2 protein chains.
Amino acid sequence: MSSNDFPKGVSRASNLADAVLRLIWVERQISRADIARRTGIARSTVSEIVATLLPTGLVAEVGVGVSRGGRRPIVLQFQDDAHFIVGIEVGAAHVGVVLMDLRGNTVAWNQRRFPVREDPEGTRGLMIEMAETIVAASKQDPRSLVGIGVAVPSPVDPKNPGALSEIVLPAWNGRSGFEVLQQKFGVPLWVDNDANLGALAEHWWGEGRGLSDFAYVKVATGVGSGHVISGEIYRGATGVAGEIGHMAIAPRRGPACMCGLRGCLTTMVGRDALRARTQELAASYPGSPLASGNGDAPRLEDAALKGDPLALAVVREAAEYLGIAMAGLINLMNPSMVILGGDLARLGDLVLDPLRETVRERTLVSSVSAAEIRTSELGPRSVAIGAATQVLKAALEDSRLFPTAPGRAEAS
Amino acid sequence: MSSNDFPKGVSRASNLADAVLRLIWVERQISRADIARRTGIARSTVSEIVATLLPTGLVAEVGVGVSRGGRRPIVLQFQDDAHFIVGIEVGAAHVGVVLMDLRGNTVAWNQRRFPVREDPEGTRGLMIEMAETIVAASKQDPRSLVGIGVAVPSPVDPKNPGALSEIVLPAWNGRSGFEVLQQKFGVPLWVDNDANLGALAEHWWGEGRGLSDFAYVKVATGVGSGHVISGEIYRGATGVAGEIGHMAIAPRRGPACMCGLRGCLTTMVGRDALRARTQELAASYPGSPLASGNGDAPRLEDAALKGDPLALAVVREAAEYLGIAMAGLINLMNPSMVILGGDLARLGDLVLDPLRETVRERTLVSSVSAAEIRTSELGPRSVAIGAATQVLKAALEDSRLFPTAPGRAEAS
DNA sequence: TAACTTTGATCGTACTCCGAACAAAGCTTC
DNA sequence: GAAGCTTTGTTCGGAGTACGATCAAAGTTA
């Protein structure tokens with residue numbers, strides 16, 4: 001039985017007002033009468049709610065629409081640039097910061113290499129510095145900042161968002177220490193796992209738009225996956241759902257993984273694995289520019305896009321391993337789509353063709369379990385955008401999070 | 001972005017009243033003052049709500065409790081036998097019917113073998129007959145029937161609950177035709193997949209009590225799994241989530257499956273597979289009573305429980321295959337528990353030991369991904385109980401479904 | 001025995017949301 | 001082009017919900 005769900009004390013005032021705001025966000029432009037029709041709320045109530053929304057600046061009247069046989073409606077428009085949000089991606093060896101408006105548009109973007117894994121204190125300092133710079137450069141009023149979202153390369157327990165995995169980031173001692181950001185900027189802070197937030201970005205702005213159940217698999221240094229289930233990010237019993245990277249592909253003969261097992265997907269298709277496999281196969285492809293083995297060698301993806309046979313062989317092999325794991329994912333979770341992100345996504349059909357073939361071989365062939373497989377189009381900013389999006393999502397669910405919301409304690 | 005979530009037209013009146021009823025159900029006995037404390041609802045409001053609940057018969061005053069330093073509280077008790085629910089399990093070759101009270105207790109239970117797969121019309125007739133018999137024999141007032149829940153061995157699309165998979169049950173032409181039950185008894189009807197409802201039964205009455213994320217794997221003629229995610233049954237994008245039975249264990253060398261693939265889990269550990277494997281190994285175990293191969297041979301599980309080496313070898317092998325699939329499940333979905341149901345569950349540690357070992361070999365060894373593996377204790381009635389439980393769950397979420405609820409259209 | 005606590009009921013009130021009524025502003029049709 | 005109809009948006013009274021204050025009843029504690 002589900003645990004008791006009584007939010008002790010603070011109970012939201014009007015959920016209708018938030019529902020109306022969300023509808024305006026979704027539709028971008030809509031009239032009061034249309035809101036009443038779409039939601040079933042009385043026209044009079046819609047008018048009252050809109051009257052409270054207008055002074056917040058989130059919604060504005062922007063003209064009149066076409067008549068439906070009577071008086072022409074006043075068009076309400078969601079003001080995408082009423083506020084903005086900072087999204088920060090903390091990677092294993094870099095920090096990326098994005099300034100996003102309320103429609104997912106990137107206002108500004110910056111990225112810096114940094115030894116995140118080894119230097120927690122320095123990372124926090126860099127995050128503050130980069131966030132301050134990007135806010136200042138944007139010439140926006142800092143008071144219109146809604147909040148800060150952070151993506152970390154570690155499982156995050158929603159009940160204890162300040163904690164980090166000591167296994168993935170030992171030097172951080174299990175604590176993020178991101179409270180300093182909250183204090184510095186005076187706005188709320190959200191933290192979640194990078195794969196989850198990549199999936200969230202896909203859900204709001206990418207291939208996953210409109211889908212309620214899909215998976216996002218990111219292949220880069222490591223392999224991770226995020227899952228949207230019933231329209232929500234799934235975190236699992238302990239906040240570590242979607243560890244597809246440690247799914248056992250070759251548990252007996254495969255290479256050892258840092259997690260203590262053998263033949264994990266990460267050890268087969270992660271960046272190091274692909275590099276090692278390239279060297280192994282180099283002898284058979286003496287003409288390949290990748291065979292030189294020194295630092296001048298082109299990136300695997302670039303070589304593959306130019307048709308290099310060695311690169312193509314490595315990619316095809318990786319796609320097959322990936323396909324084995326994805327087939328298991330599809331059988332178990334029945335997503336309507338699997339979105340491939342990370343470095344390999346650039347390769348398009350070069351990776352999708354062998355991937356789809358392997359998956360087809362191993363999944364129930366029936367219309368009900370047909371999951372589409374696609375590559376992400378969001379690019380390298382996707383995780384930072386996802387970090388910002390979790391803030392937008394929270395604010396659209398509880399509009400009091402917007403700085404100008406009515407019923408907030410005014411700064412006097 | 002999630003689709004619009006406006007329930008057009010009917011909007012529930014008091015959600016608080018239902019929340020109070022649920023709390024009384026969970027606590028079984030509780031005073032008005034305790035309800036106010038636990039929920040944060042004002043004492044006066046609790047009094048008013050309880051006043052509307054008492055005449056429904058769902059709640060009764062049953063004495064006074066111990067004082068906390070003042071007036072002694074009146075103890076309210078949920079009346080488990082105020083109403084009852086019919087749960088029907090439609091299997092591949094049998095029909096089971098259970099009469100359940102509002103606490104999951106079995107009031108009556110009956111089971112009949114029947115060629116369900118071949119005879120849809122006869123199945124529907126048998127369901128009506130068995131349900132009528134069990135209601136009549138229980139000497140309950142038929143008017144206190146809340147509803148009927150049905151479990152079917154086929155994926156069920158929640159948006160189209162009257163449809164059945166034509167692949168699993170070709171003779172049914174994709175339609176259940178269960179509306180006749182609804183008409184016959186004049187109560188609402190719920191239909192869902194059997195593995196989902198097995199998981200639901202575990203969640204409410206079995207090992208899964210209090211867990212918000214766990215998986216239920218049933219091994220019998222076939223292999224299926226149901227998943228509870230965030231406290232809710234997960235159905236997947238097309239209502240077919242949890243097809244663990246068609247996860248590819250040995251996609252190249254394994255036996256062909258009815259689904260068109262090779263080496264599905266079902267073809268390795270399903271009833272037919274275990275029987276075939278027993279025959280294969282019989283030559284090496286001439287002394288085993290299972291080796292005779294005729295109809296007099298004992299059941300595999302019984303032989304294993306008696307220590308027969310042939311049976312143990314077959315079970316151990318099956319447990320290892322099962323472990324491979326479960327490891328994938330655990331890595332991907334991060335349940336806090338996996339519950340094994342079906343025929344093999346009777347074997348306890350005989351199947352759990354090799355299962356746990358295989359899973360341990362293949363899952364990330366960290367505290368965060370440690371899923372317990374247990375066997376179900378609910379026995380053969382679990383799916384029928386689950387079918388009835390989905391009705392109870394619905395009624396506790398919307399108390400207007402109870403026949404005596406206030407605000408219902410009274411039968412004059 | 002007096003003082004304090006706890007429980008449960010009653011009553012007035014704030015708030016939310018709805019429907020009815022109305023004015024404004026457009027179509028439609030003869 | 002004027003009358004009649006539709007649609008939009010606002011105003012206002014009223015139903016319903018939940019809360020806080022108050023009170024009586026029934027305890028415990030000093």
Side-chain angles (χ1 to χ4, degrees), chain A residues 6-21 23-24 27 29-55 59-77 399-400 406-407, chain B residues 6-21 23-24 27 29-55 59-77 398-400 405-407:
Chain A
F6 303 107
K8 267 277 172 64
V10 214
S11 72
R12 273 319 304 291
S14 163
N15 36 4
L16 282 195
D18 285 354
V20 168
L21 183 62
L23 181 62
I24 300 174
E27 296 296 322
Q29 292 201 335
I30 191 171
S31 70
R32 291 170 176 83
D34 273 334
I35 293 172
R37 266 191 294 272
R38 290 280 302 270
T39 61
I41 301 170
R43 280 212 322 282
S44 56
T45 308
V46 172
S47 272
E48 287 167 6
I49 291 173
V50 169
T52 68
L53 250 30
L54 288 174
V59 174
E61 298 183 334
V62 293
V64 289
V66 294
S67 164
R68 293 167 29 116
R71 173 175 167 179
R72 289 159 65 191
I74 301 170
V75 176
L76 303 168
Q77 186 184 54
S399 65
R400 290 173 306 177
Chain B
F6 303 107
K8 266 277 172 67
V10 216
S11 73
R12 273 320 302 291
S14 164
N15 36 4
L16 282 195
D18 285 353
V20 168
L21 182 62
L23 181 62
I24 300 175
E27 296 296 321
Q29 293 201 334
I30 191 170
S31 70
R32 290 170 176 83
D34 273 335
I35 293 172
R37 265 190 294 273
R38 290 280 303 272
T39 61
I41 301 170
R43 281 215 319 283
S44 55
T45 308
V46 172
S47 273
E48 286 166 8
I49 290 173
V50 170
T52 68
L53 251 30
L54 289 174
V59 174
E61 299 183 335
V62 293
V64 289
V66 294
S67 165
R68 291 168 31 118
R71 173 173 167 181
R72 290 160 63 190
I74 300 170
V75 175
L76 303 168
Q77 186 184 54
D398 182 352
S399 65
R400 290 173 306 178

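Predicted, not measured: the structure shown is a model, and the values here were computed from it. Heavy atoms only: backbone and side chains are in, while hydrogens, waters and symmetry mates are out. Convention: sequence-line order gives letters A, B, ...; per-chain numbering from 1.
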Answer yes or no: is there a side-chain heavy-atom contact under 4.5 Å between Leu21(B) and Leu53(B)?
yes

Between [X] ([atom1]) and [N] ([atom2]), how many Å, whole number?
X        : N      : atom1 : atom2 : value
Ile35(B) : dG8(C) : CD1   : C1'   : 12 Å
Ile49(B) : dG8(C) : CD1   : P     : 14 Å
Arg37(A) : dT8(D) : CZ    : C1'   : 9 Å
Glu48(A) : dG9(D) : CD    : P     : 15 Å

Using heavy-atom distances to pick each residue's nearest nucleotide on DNA chain D, tell me which of Val46(A) and Thr45(B) is more 5'.
Val46(A)

If you take atom types as modelled and just measure distance, does the side chain of Ser44(A) reach the base of dG19(C) with a donor-acceptor pair under 3.5 Å?
yes

Counting side-chain heavy atoms from CB outward, which of [options] is closest to [X]?
X        : options                   : value
Ile41(B) : dC19(D), dC17(C), dG9(D)  : dC19(D)
Ala42(A) : dT22(D), dG9(D), dC18(C)  : dC18(C)
Arg43(A) : dA21(C), dC11(C), dC18(C) : dA21(C)

So salt bridge (charged side-chain N to carboxylate O under 4.0 Å, His left out) across residues 40-52 of chain B, not counting sequence neighbours, yields none

Could I get the full list of side-chain hydrogen bond (donor to acceptor under 3.5 Å, both in side chains) partners for Gln29(A), not counting sequence neighbours?
none

Restricting to salt bridge (charged side-chain N to carboxylate O under 4.0 Å, His left out), what partner residues turn up for Arg32(A), sequence neighbours left out?
Glu61(A)

Apply side-chain contact (heavy atoms from CB on, under 4.5 Å) to Ala51(A) and list each qualifying residue two or more places apart in sequence or on a separate chain.
none

In Ile35(A), Asp34(A), Val46(A), Val62(A), the residue satisfying side chain to side chain contact (heavy atoms under 4.5 Å, CB included) with Leu76(A) is Ile35(A)

Run the side-chain donor-acceptor check on residues 64-73 of chain B: report pairs under 3.5 Å with partners two or more places apart or on a different chain.
from	atom 1	to	atom 2	distance (Å)
Ser67(B)	OG	Gly69(B)	N	2.9
Ser67(B)	OG	Gly70(B)	N	3.0
Ser67(B)	OG	Gly70(B)	O	2.6
Arg72(B)	NE	Gly65(B)	O	3.3

Is the distance from OP1 or OP2 of dA18(D) to the nearest side-chain N or O of Asn15(B) less than 4.0 Å?
yes

Students often get this wrong, so: under 4.0 angstrom with heavy atoms, is Arg32(B) touching a base, only sugar-phosphate, or nothing?
sugar-phosphate

Under 4.0 Å protein heavy-atom contacts per nucleotide of nucleotides 25-30 of chain C, with B for base, S for backbone only and - for none:
BBS---

